[in-house]
Amino acid sequence: EAGVTQSPTHLIKTRGQQVTLRCSPISGHTSVYWYQQALGLGLQFLLWYDEGEERNRGNFPPRFSGRQFPNYSSELNVNALELEDSALYLCASSLPAGGLAFHNEQFFGPGTRLTVL
Amino acid sequence: AQSVTQLDSHVSVSEGTPVLLRCNYSSSYSPSLFWYVQHPNKGLQLLLKYTSAATLVKGINGFEAEFKKSETSFHLTKPSAHMSDAAEYFCVVSPNTGTASKLTFGTGTRLQVTL
């Protein structure tokens with residue numbers, strides 16, 4: 001069974017540019033989560049999508065946004081990139097949400113490393 | 001509100017000796033707690049989880065953790081370290097409120113295993 005896949009694996013952008021990161025969940029998983037892993041800040045929750053809708057959002061500015069497609073894949077968009085956006089962006093997926101989605105095991109992809117110069 | 005503190009940013013043990021990675025949590029609700037492991041250039045993998053059942057939780061690769069409410073701790077242990085255990089370990093808390101909410105990750109503990 002294929003795991004969570006993310007593309008691209010690495011990305012270099014300059015300040016002010018926009019970037020789109022992509023995630024494909026495990027087959028049968030309807031929930032997709034995005035996390036930012038920045039140096040010195042640990043892993044921080046960004047966004048949670050389930051059944052095409054945004055269910056929860058972490059403490060990030062509106063220039064971080066995303067969407068989930070009918071096939072449950074997801075995109076994370078970051079506008080007006082800043083130097084501090086340099087990080088590893090991890091996507092995870094889990095089985096259908098219900099009321100206790102965060103107690104379903106989340107399976108993580110390998111991440112996309114974004115460098116902003 | 002919830003938070004999690006991993007007391008050691010770096011732990012070094014010899015192969016074959018016990019492993020102890022410490023985690024303390026704070027939560028307004030009765031929490032669910034998880035340990036994840038991240039090997040270099042790989043995604044996170046769930047080691048084990050506590051969701052208000054047995055307080056001693058056994059996970060994969062010989063790891064286990066004990067939920068101690070009185071100490072607000074969820075330390076991860078393994079009797080005998082293996083070289084392949086070298087990785088970063090994250091303690092994670094989620095409020096067990098019956099409604100979905102976000103996970104809060106600790107800052108991680110890097111485990112080094114030496115010969």
Surrounding CZ of Arg15(A) (heavy atoms of other residues, nucleotides or ligands, distance under 6.0 Å), is the total greater than 12?
no
If one checks every heavy atom of Glu88(B) against chain A at 4.5 Å, the contacting part turns out to be neither
CZ (Phe105(B)) and OH (Tyr35(A)) are apart, to the nearest 0.5 Å, by 4.5 Å
* Are Phe60(A) and Val19(A) linked, directly or through other ILVMFWY residues, by side chains that come within less than 4.5 angstrom of each other? -> yes
*asked:* When you compare the side chain of Val92(B) with that of Gln106(A), does any pair of heavy atoms fall below 4.5 Å?
replied: no
Cluster question for you: counting only ILVMFWY and a side-chain heavy-atom cut-off of under 4.5 Å, with indirect links fine, are Leu33(B) and Leu47(B) together?
-> yes
- Beyond-backbone contact of Leu43(A) with Leu44(B), side-chain heavy atoms, under 4.5 angstrom: yes
When the 4.5 angstrom heavy-atom criterion is applied to Gln37(A) and chain B, the contacting part is side chain
Any chance CG of Leu83(A) has more than 12 other-residue heavy atoms, nucleotides or ligands included, within less than 6.0 Å?
yes
| query | Would you say Leu21(B) and Leu56(B) are hydrophobically clustered, going by side-chain heavy atoms of ILVMFWY under 4.5 Å? | reply | no
Separation between CG (Leu46(B)) and CZ (Phe107(A)), nearest 0.5 Å, reads 7.5 Å
